[in-house]
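This chain uses plain numbering: 1 for the first residue, then up along the sequence.
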Amino acid sequence: MAIPVVGLTGGIGSGKSAAADRFAELGVPVVDTDRIAHQLTGPDGAAMAAIAREFGPAVVTEAGALDRAAMRELAFADPACRHRLEAILHPAIHAESLRQLEAARGDYALLVVPLLFESDRYAPLLARSLAVDCREDIQLERVMRRNGLSESAVRAIMATQLPRERRCLLADDIIDNNGSLAELRLQVDAKHSYYLANLVNALYKASRKPWRRADLP
């Protein structure tokens, strides 16, 4: 990558998007794999032809987009369906993420990956990883309110993700999002200052040599 990359992750409803939005406000280029996935599966998106061939017209809306509710029912009823969908989407998401990161300009870039630690696909790109964390009851309440899903549906999604404790153990840095949006933004500001001081300094010290995770404190 042309600049260091921080990987941002967190469980559903943890506040990843709010954190990423604040990083963007601070001038950090953000590459969001969820947004890329939505583009790929939007009306006549680049992945829709392959998805329609694999799963049939039942998962395609009249507008030519992925019917997420229908696909969710398939995926959670049959894990093999989820793996087949991932086999189509993940390589395309990864390729577009790389393209956007190569084009990013700034002191460092933020790569938002909900399942960052569930796969080793993105690990080689990262100088640092950051997890947004909150209690499970808060996750449930946020997602049920935001998406209109039942508690069982949200728990089914959470079951496909790493447990909080494991995610926090794997992350280099953690943001606690059990409080208010203002508190979240203050923590993002602090992490941004840290990354500016350490990622940029590590890159400077390395001069023309590739920066390494070992260069960071």
Ignoring hydrogens and geometry beyond distance, is a side-chain donor-acceptor pair present between [X] and [Y] at under 3.5 Å?
{"X": "Gln100", "Y": "Glu96", "value": "yes"}
{"X": "Arg164", "Y": "Ser14", "value": "no"}
{"X": "Ser129", "Y": "Asp172", "value": "yes"}

Worksheet entry | Side-chain heavy-atom pair Leu66, Val59 within 4.5 angstrom cut-off | yes

Worksheet item: Are Gln161 and Ile12 side-chain neighbours, meaning at least one heavy-atom pair lies under 4.5 Å?
Response: yes

Worksheet item: If you measure from the Lys or Arg side-chain nitrogens to the Asp or Glu carboxylate oxygens, is any gap between Asp173 and Arg128 under 4.0 Å?
Response: yes

Item to complete: Would you mind checking if Arg35 and Asp21 are paired as a salt bridge, meaning a charged N to carboxylate O distance below 4.0 Å?
Response: yes

Discussion item. Using the rule side chain to side chain contact (heavy atoms under 4.5 Å, CB included), only one of Val113, Leu40, Asp34 pairs with Ile93; which is it?
Written reply: Leu40

Does [X] reach the main-chain N or O of [Y] with its side chain, forming a donor-acceptor pair under 3.5 Å?
{"X": "Lys16", "Y": "Thr9", "value": "no"}
{"X": "Ser119", "Y": "Leu115", "value": "no"}
{"X": "Glu151", "Y": "Met144", "value": "no"}
{"X": "Asn147", "Y": "Leu149", "value": "no"}
{"X": "Arg135", "Y": "Asn178", "value": "no"}
{"X": "Gln39", "Y": "Gly45", "value": "no"}

Fill in: Residues that Arg145 engages under side-chain hydrogen bond (donor to acceptor under 3.5 Å, both in side chains), provided they are two or more places apart
Glu141

Practice prompt. Step through it carefully: locate the ring centre of His90, locate the ring centre of Tyr122, and say whether they are under 6.0 Å apart.
Written response: no

Item to complete: Check the angle between the aromatic planes of His192 and Tyr108 and answer parallel, tilted or perpendicular using the 30° and 60° thresholds.
Response: tilted

Fill in: Residue list, ring pair (Phe, Tyr, Trp, His ring centres under 6.0 Å) with Phe55, at least two apart or on another chain
none

